[in-house]
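In what follows, a single structure is set out as structure tokens and then discussed.
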Amino acid sequence: MTRLLPRHAVAVLLVLPLLAAGEDPPTVTMDEIVVTLRPTPGAARPDPADLAAQRAVTGDAAQLLRSVPGLSLHGAGGISSLPVIHGLADDRIRVEVDGADLMPACPNHMNSALSYAEPARVAGVTVFSGATPVSVGGDSIGGAIEVKSAPPEFASAAEGFLARGMAGSFYRSNGNAHGYNLGATAAGRWLSLSYDQSDSQSDNYRAGASFKPVAPGREGGPPIPGGLVGSSAYRGAASRALVLALQQWNQTLEVALSQQTVRFEGFPNQRMDMTGNDNRLISARYQGQFGWGDLEARLSYQVTRHEMDMGPDRFFYGTGMPMDTRAKTRGALVKGNVILSPRDLLRTGVEYQFYTLFDWWPPVGGSMGPNAFWNVDYGQRRKVDAFAEWEARWSSRWTSLLGVRSDTVSTDAGPVEGYDNGLAGAWGDDAAAFNASGRDRTDRNWDLSALLRATPAPSQSYEVGYARASRSPNLYQRYAWSTNAMAALMNNLVGDGNGYVGRVDLRPEVAHTLSLTGDWHAVARERWGLRATGYYTRVEDYIDARRCNFGQCSAANTTTTDGFVLLQYVNQSARLYGLDLSGHIPLAAPETFGSLTGTAKLGYVRGENLTTGDALYDIMPPNANLAIVHRLGAWTGTTEVIAVAAKDRVSRVRNEVRTGGYCLVDLRGAYEWKHARLDLAVENLFDRLYSNPLGGAYVGQGPSMTSNGIRWGVPVPGPGRSVNIALSISL
């Protein structure tokens with residue numbers, strides 16, 4: 001029966017456009033995702049139709065960014081993909097969700113900032129790449145992403161009272177993934193109250209038709225049957241949000257309470273699974289518009305309780321290993337846009353963030369007891385920023401942007417202990433050395449950005465930008481202290497299966513980025529357009545890794561080329577450069593059978609460690625995305641081809657695994673009524689077996705706590721064919 005599903009879906013995709021023929025476009029539609037991009041070199045406008053389609057059928061907010069040129073996704077859990085911009089990922093990118101800088105609280109960064117954004121609530125996405133303005137950067141070198149929910153709604157004078165409601169549901173056949181979302185708003189002219197709720201879950205997904213699950217090493221048990229990818233399921237990803245807003249005299253005060261609870265999320269490229277995560281956030285935001293400009297102030301308070309252990313696909317290998325994390329993040333911001341003259345605009349502001357982290361692993365017996373293992377005890381990261389940015393519109397053809405930012409980042413951590421410090425060879429020596437070190441560090445960083453844009457004609461524009469950006473190490477990079485193989489393997493931010501040891505004296509990364517962008521288009525942009533961006537980034541004190549050769553690290557650890565290894569973070573030099581191309585062109589006029597538009601996105605990036613000559617880890621190989629979009633009345637249909645080259649340049653220090661090239665075909669369709677939207681899709685139409693070049697090492701089966709218990713050399717396979725359906729209704 002499952003083999004017939006794609007044929008049925010294809011038939012529906014072909015029939016719905018005929019049903020839509022002759023109908024007028026709907027007068028009322030679902031809330032549309034609005035995507036905006038500042039005048040930043042290298043940035044491009046993602047396809048709103050693609051974002052709307054992804055929002056309908058996913059619980060992973062990172063999937064909403066997949067059409068951005070130069071942006072790829074690093075595989076993780078089912079709702080926790082990490083964006084990669086021009087080869088830089090994770091906390092090298094600043095991510096804001098509704099104005100709050102949310103922080104991960106996990107030695108594997110399972111609960112990344114975007115994992116807290118519910119796709120159904122997302123109304124706006126802004127991506128900054130290339131030379132990022134200082135007003136949106138800070139403590140990041142790879143760009144910035146701003147995710148925003150819909151602004152509060154208020155009734156007009158004629159309405160007096162406004163009431164809205166919406167509900168949606170989706171199903172994905174691969175993994176039996178399904179979920180729902182609902183929301184309601186009640187508002188008067190000056191008071192608005194809204195509530196949103198969602199939940200989703202998925203079983204392990206199935207890889208391509210020819211995937212044979214790899215049996216673990218000699219300590220392992222039987223492979224998972226049916227071509228399923230172990231530890232890829234998730235359960236109970238429930239979110240709730242309540243927003244109260246007041247509006248008066250061009251001023252708005254908004255208070256939001258939100259909670260996300262995930263009962264379980266598997267990670268096929270990590271040695272642990274998330275067995276529980278509870279994140280609570282309270283935020284307040286003030287916005288005011290005045291004759292001189294506008295003012296914004298924000299306060300946020302985030303509390304995270306995070307738990308890890310071996311999930312059902314690996315728990316039968318031993319007694320388990322619980323790991324607990326508690327964290328708090330307090331944030332504040334005040335910024336304003338001051339109109340100095342019709343030509344000049346000044347953006348200025350100050351920011352504050354204080355993050356505390358407790359990471360401990362309860363005892364389980366044997367050498368892993370009788371005490372708790374303290375991975376990070378009272379880790380602290382305090383950040384104080386100030387920035388000023390001047391934008392000048394010299395004429396209709398010339399615009400400039402110049403900004404400077406000061407960041408002061410202070411980190412510290414308390415003394416630690418192993419399961420039993422009396423076992424000097426296992427825990428005591430490393431703990432004693434760490435406790436004797438000076439752990440208090442203060443980094444005084446500064447950023448600079450400069451942009452010049454020329455628009456010689458309505459159909460073309462050119463941008464050149466330069467940015468100096470800096471980022472201080474996170475707490476795990478500085479304070480993960482144990483060289484014991486089991487403990488080090490639990491500290492891994494990149495999903496490569498290796499173990500990592502921190503280094504207290506790490507210096508901040510400093511990146512110098514130069515980018516050039518050309519944009520050519522018809523005066524009516526929807527007709528045709530082409531955008532090209534070239535960029536070059538040189539990073540001083542890039543935080544990479546070297547083989548561990550001290551403590552409990554063995555001599556063989558420094559020479560092995562076909563196994564997992566233990567690494568220590570270290571400052572080195574690196575460079576990244578590449579090219580992004582994107583464009584669209586009409587293929588057929590809309591007179592009879594609707595319009596046909598061709599779209600294309602091509603990306604190339606190369607990353608090199610200049611200190612060692614090695615390739616940087618997790619660099620996307622050359623890739624292309626080609627699509628034909630058909631629009632007829634209320635119908636939109638897309639045939640998409642995704643082509644990715646083989647990844648041959650890999651990080652030798654990490655024994656990164658090569659991946660082969662592949663080509664996938666996706667079909668998508670959407671039909672809109674006045675108050676409803678139906679989405680249908682078939683992903684990986686031909687059920688091709690492939691490995692995501694950014695998917696990491698497959699460690700989803702087998703014993704997690706030993707370096708030789710999981711077979712090395714298997715990348716995480718991508719999902720096989722899936723038939724997806726989603727329905728959204730708004731009133």
Query raised in the report: Mind checking whether R240 and Q260 have side chains closer than 4.5 Å, heavy atoms only?
Result: no

Requested in this report: Could you tell me whether D98 and K148 make a salt bridge, using a distance below 4.0 angstrom between a side-chain N and a carboxylate O?
Outcome: no

Requested in this report: Keeping the roles fixed (side chain from N724, backbone from R172), state whether a donor-acceptor pair exists under 3.5 Å.
Outcome: no

Report task. Examine R271 relative to F564 and say whether NZ or CZ is less than 6.0 Å from the centre of the six-membered ring and inside a 45° cone about the ring axis. Result -> yes

**Report entry** Salt bridge flag under 4.0 Å for residues E265 and R235
**Finding:** no

Query - Stepwise side-chain hydrogen bond (donor to acceptor under 3.5 Å, both in side chains) test for D519 and H521 - result: CA-CA 7 Å; D519 192 326; H521 52 268; 3.0 Å; yes

Requested in this report: Kindly say whether N655 contributes a backbone atom to a donor-acceptor pair with the side chain of W712 at under 3.5 angstrom?
Outcome: yes

Query raised in the report: Can a salt bridge be assigned to the pair E640 and R66 using a cut-off of 4.0 Å between side-chain N and carboxylate O?
Result: yes

Query raised in the report: Is a salt bridge present between E656 and K647, judged by a nitrogen-to-oxygen distance below 4.0 Å?
Result: yes

Query raised in the report: Any salt bridge between R314 and D273, counting N to O under 4.0 Å?
Result: yes

Requested in this report: Step through it carefully: locate the ring centre of H178, locate the ring centre of F170, and say whether they are under 6.0 Å apart.
Outcome: no

Requested in this report: May I have all residue pairs that pass salt bridge (charged side-chain N to carboxylate O under 4.0 Å, His left out) and include part of residues 116-126, sequence neighbours excluded?
Outcome: R121-D196

Query raised in the report: Can you list the residues that meet the salt bridge (Lys or Arg N to Asp or Glu O under 4.0 Å) rule with D199, with sequence neighbours excluded?
Result: none

Query - Partner residues of R658 under the salt bridge (Lys or Arg N to Asp or Glu O under 4.0 Å) criterion, sequence neighbours left out - result: none

Query raised in the report: Taking the side chain from Y617 and the backbone from V494, do they hold a donor-acceptor pair closer than 3.5 Å?
Result: yes

**Report entry** Residue I628 excluded, over 12 heavy atoms near CD1 under 6.0 Å
**Finding:** no

Query raised in the report: Quick check: does any side chain N or O of N108 sit under 3.5 Å from a backbone N or O of N492, one acting as donor and the other as acceptor?
Result: yes

